[in-house]
Engineer: 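Pasting a structure here, questions to come.
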Amino acid sequence: QVQLVESGGGLVQPGGSLRLSCVASGFTLDDYAIGWFHQAPGKEREGVSCISNVGNTIYGDSVKGRFTISRDNAKNTVYLQMNSLKPEDTAVYYCATACFEIGAVHWGQGTQVTVSS
């Protein structure tokens, strides 16, 4: 019943932008923090950004100043606006129902982001 579905990934040139969406169903979104994580081939999954149930935000050092997380509870959706994309941002991006992996019970299927010329 509880589902998170990511979308919005794709191929973009360095310096470009993408907006990822995480649509939740089966629970009340505003009761949970929602985190964005990514995983590149051969690397560990790591946290990218997180937004609490009351709108407080956290960003990983590598994305500060470039990415913005937001939520629209009426649409059961959390967004990740990604600007000034770099090749090292290339990864599968996942959303989950926590800011940290240890607390995440539900995960989406992931959406691929590729930054390349």
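Worth saying up front: this structure is predicted, and the values here are computed from it rather than measured.
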Engineer: Taking all atoms of both residues into account, what is the closest heavy-atom pair of Ala96 and Leu4, and its distance?
Structural biologist: CA-CD1, 3.7 Å
Engineer: Can you tell me how far the SG atom of Cys50 sits from the CZ atom of Phe100, to the nearest 0.5 Å?
Structural biologist: 7.0 Å
Engineer: Is a side-chain donor or acceptor of Thr111 paired with a backbone partner of Gly9 at a separation under 3.5 angstrom?
Structural biologist: yes
Engineer: Less than 4.5 Å apart, side chain to side chain, heavy atoms only: is that true for Ile51 and Trp36?
Structural biologist: no
Engineer: Side chains of Pro87 and Pro14: closer than 4.5 Å at any heavy-atom pair?
Structural biologist: yes
Engineer: Scan for side chain to side chain donor-acceptor pair (under 3.5 Å) pairs involving residues 12-32, sequence neighbours excluded, and state none if there are none.
Structural biologist: Ser17-Asn83
Engineer: Checking the side chain of Gln81 only, and the main-chain atoms of Phe67 only, is there a donor and an acceptor separated by less than 3.5 Å?
Structural biologist: no
Engineer: Say you draw a straight line from CZ of Phe37 to CD of Glu44; how long is it, rounded to the nearest 0.5 Å?
Structural biologist: 13.5 Å
Engineer: Is a side-chain N or O of Glu6 found less than 3.5 angstrom from the main chain of Gln109, in a donor-acceptor match?
Structural biologist: yes
Engineer: Mind checking what makes salt bridge (Lys or Arg N to Asp or Glu O under 4.0 Å) contact with Lys64, not counting sequence neighbours?
Structural biologist: Asp61
Engineer: Could you tell me whether a side-chain N or O of Thr77 sits under 3.5 Å from a main-chain N or O of Val23, the two making a donor and an acceptor?
Structural biologist: no
Engineer: Please check if the side chain of Ser49 supplies one atom and the backbone of Ile58 the other of a donor-acceptor pair under 3.5 Å.
Structural biologist: yes
Engineer: In this structure, would Ile34 and Val63 fall into the same cluster of hydrophobic residues linked by side-chain contacts under 4.5 Å?
Structural biologist: yes
Engineer: Decide side-chain contact (heavy atoms from CB on, under 4.5 Å) for Phe27 and Thr97; before the verdict, give the C-alpha distance in whole Å, the side-chain angles of both, and the deciding distance to 0.1 Å.
Structural biologist: CA-CA 10 Å; Phe27 65 98; Thr97 52; 3.8 Å; yes
Engineer: Do the side chains of Tyr79 and Val48 join up, straight or via other hydrophobic residues, at under 4.5 Å, putting them in one cluster?
Structural biologist: no
Engineer: Working to the nearest 0.5 Å, report the span between CD of Gln112 and NE2 of His38.
Structural biologist: 11.5 Å
Engineer: Are Leu80 and Trp107 in one and the same hydrophobic cluster, where Ile, Leu, Val, Met, Phe, Trp and Tyr link if side-chain heavy atoms are under 4.5 Å apart?
Structural biologist: no
Engineer: Output every pair passing salt bridge (charged side-chain N to carboxylate O under 4.0 Å, His left out) with a member in residues 70-98, not counting sequence neighbours, ordered by first then second residue.
Structural biologist: Arg66-Asp89
Engineer: Hydrophobic cluster membership, with links at side-chain heavy-atom distances under 4.5 Å among I/L/V/M/F/W/Y: are Val2 and Tyr94 in one?
Structural biologist: no
Engineer: Could you grab the distance from atom CD of Gln39 to atom OH of Tyr93, nearest 0.5 Å is fine?
Structural biologist: 12.0 Å
Engineer: Which atom pair, heavy atoms only, marks the closest approach of Val113 to Leu20?
Structural biologist: CG2-CD2, 4.0 Å
Engineer: Looking only at heavy atoms, which two atoms of Ala40 and Ala91 are closest? And how far apart?
Structural biologist: N-CB, 3.8 Å
